[in-house]
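Heads up: the structure comes next, in structure tokens.
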There are 2 protein chains.
Amino acid sequence: MNSILDQLMLNFPLDKIDMELLQSKIKTKHVAKGEILQMKGELSNNFYFVKQGLLRSYVIDDNGKEHIFMFAPEGWIIADNVSNAIQVPSELFIDALEASEIEICNKHFFEEAMAQHSQVVAVSTKKLINRMAVLQRRVIMLMSASAMQRYEHFLETYPNIVQRVPQKMIASYLGITPEALSKIRGGMTRKK
Amino acid sequence: MNSILDQLMLNFPLDKIDMELLQSKIKTKHVAKGEILQMKGELSNNFYFVKQGLLRSYVIDDNGKEHIFMFAPEGWIIADNVSNAIQVPSELFIDALEASEIEICNKHFFEEAMAQHSQVVAVSTKKLINRMAVLQRRVIMLMSASAMQRYEHFLETYPNIVQRVPQKMIASYLGITPEALSKIRGGMTRKK
DNA sequence: CTTATTTATTAATCTAGGTTAATGCACAAG
DNA sequence: CTTGTGCATTAACCTAGATTAATAAATAAG
């Protein structure tokens, strides 16, 4: 699971020729902490697979505040699917929270892979659906759960992210201020 | 655009035989106002195309409160895509806000259509992506915009829905109480 | 037409979370 | 070692929106 091709091959076999062809279209890159891969307003064509490290996507609102949209640790793919699919300028920034090693494949990689292997369609549709499930739960959470409930849910769902990023970023993901998160955490540990 | 088949045919031609085959799998149904098509906890297999009327999907949270997830007026498809795709119990209820005429197709309809016409894959992927774009914007809105900004955005985006549903449902969609929405509206009209 | 039920509005009060600001800590950089 | 920059915590205060409740208006049901 150290490459995007490994992920594809979990779902169906690829012969050597196909593999080499596909591999040739994937660029591996080392990015420094803080390096920006994609900016709002750009037309995005890339998917980023995280071999090592941690990326995030986020928006900056009218008041200049960041809101983290997703974290992508090892083994995850991060992208602005909307911009990739319908060629509309990206809403999202993508950058590295840690020095990372990533694979970059542009959308033509997937298009070709789909043309060659009909199963790729099913796999990538499933990934889209999973992503949608996350967004769906997130909307419901934002509408119906308190900040503390959202934090607890985050801890359960992404226990390994919590230790790796500053708390203000978790606050940003949850849609609250760092001060509010600090208060919540204080209250929670005091109770135990 | 009065049938789900018309929607598909906007994107590519179908011959008569295919059309009749597909048509035979679509059930047309009249539903009364308030009729429930799908309950939380059920395994969903259906997509609903609205020929006439208005449907909605929503969740009920732990405190028994409804949160509307989407409205579907004429020409829209509404479904729990997540439950359909990965066969997990549905989070969502779907019911009719007006007496409606709908077409029900179960997911095998799409699976067959995809098998017969590779273009259906592209069309339905595009629909998924559009749905994702809506969710993406909604998450961003819920995290960064005030209730009033969200209401204004709703008015711009769905001007035709506003007159057709009780305001408490718009409040439910926005993630606020009916009282708060009433206050916002009062303030807005007074200013003009 | 009359009655019952849902809906919208308004007002009084309360609270989760925002804002501002000060303090202490952990580092990274010189 | 000193200085600076970013992060976490705490506290005082503020505000958007929730809650509760009462009333009026609109819809539905008998």
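Numbered from 1 within each chain, the chains take letters A, B, ... in sequence-line order.
- For B/S146 and D/dA16, the shortest distance from a side-chain N or O to OP1 or OP2 is not below 4.0 Å.
- As a whole-Å value, the separation of A/L181 CG from D/dT9 P is 8 Å.
- Place A/R150 and A/E179 on DNA chain C by their nearest nucleotides, and A/R150 ends up nearer the 5' end.
- Among A/T28, A/I4, A/L37, the single residue meeting the side-chain contact (heavy atoms from CB on, under 4.5 Å) criterion with A/I102 is A/L37.
- Not a single donor-acceptor pair under 3.5 Å links the side chain of B/N46 to the backbone N or O of B/A79.
- Donor-acceptor pairing under 3.5 Å is recorded for the side chains of A/H108 and A/E111.
- Positionally, the nearest nucleotide of DNA chain D for A/A180 lies more toward the 5' end than for the other of B/I176 and A/A180.
- With rounding to whole Å, B/K168 atom NZ is found 14 Å from C/dT9 atom P.
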For residues 134-143 of chain B, dump all side-chain donor-acceptor pairs below 3.5 Å to protein atoms at least two apart in sequence or in another chain.
unit_1, atom_1, unit_2, atom_2, d
B/R138, NH1, B/F69, O, 2.7
B/R138, NH2, B/I68, O, 3.0
B/R138, NH2, B/Y173, O, 3.0

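- The closest side-chain donor-acceptor pair between B/Q87 and B/N45 falls under 3.5 angstrom.
- Between the P atom of D/dC7 and the CG atom of A/L97 lies a distance of 11 Å, rounded to the nearest Å.
- The nearest whole Å value for the distance from the CD1 atom in B/I184 to the P atom in C/dA8 is 14 Å.
- A straight line from OH of A/Y151 to C1' of C/dG17 spans 16 Å, rounded to a whole angstrom.
- Out of D/dT10, C/dT7, C/dT9, the shortest distance to the side chain of B/P166 is found at C/dT7.
- In this structure, A/L142 atom CG and D/dG17 atom P are separated by 14 Å, rounded to whole Å.
- Direction change of the helix axis from one end of the helix from C/dC1-D/dG30 to C/dG30-D/dC1 to the other is 40°, with five pairs defining each end axis (rounded to 10°).
- Rounded to an integer number of Å, the gap from A/K183 NZ to D/dT10 P is 11 Å.
- Heavy-atom neighbours of A/D62 CG from other residues, nucleotides or ligands within 6.0 Å: at or below the threshold of 12.
- The interatomic distance linking A/R185 (CZ) with D/dA8 (P) rounds to 9 Å, in whole Å.
- Between A/K65 and C/dT19 there is a side-chain polar atom (N or O) within less than 4.0 angstrom of OP1 or OP2.
- Under the salt bridge (charged side-chain N to carboxylate O under 4.0 Å, His left out) test applied with B/E66, the options B/K168, B/R56, B/K40 reduce to a single match, B/R56.
- For C/dG17, the OP1/OP2 oxygens have no side-chain nitrogen or oxygen of A/T177 closer than 4.0 Å.
- Mapping B/G175 and B/K33 onto DNA chain D via the closest heavy atom, the residue that lands nearer the 5' end is B/G175.
- Closest heavy-atom contact between A/R150 and A/A145: NE-O, 3.3 Å.
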Open item on the list: Output one letter per nucleotide in nucleotides 23-30 of chain C: B when a protein non-hydrogen atom lies under 4.0 Å from the base, S when only the sugar-phosphate is that close, - when neither is.
Closed with: --------
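- Of the possible donor and acceptor atoms, none in the side chain of B/E101 sits under 3.5 Å from a partner among the backbone N and O of B/V50.
- A donor-acceptor pair shorter than 3.5 Å can be found between the side chains of B/D80 and B/S90.
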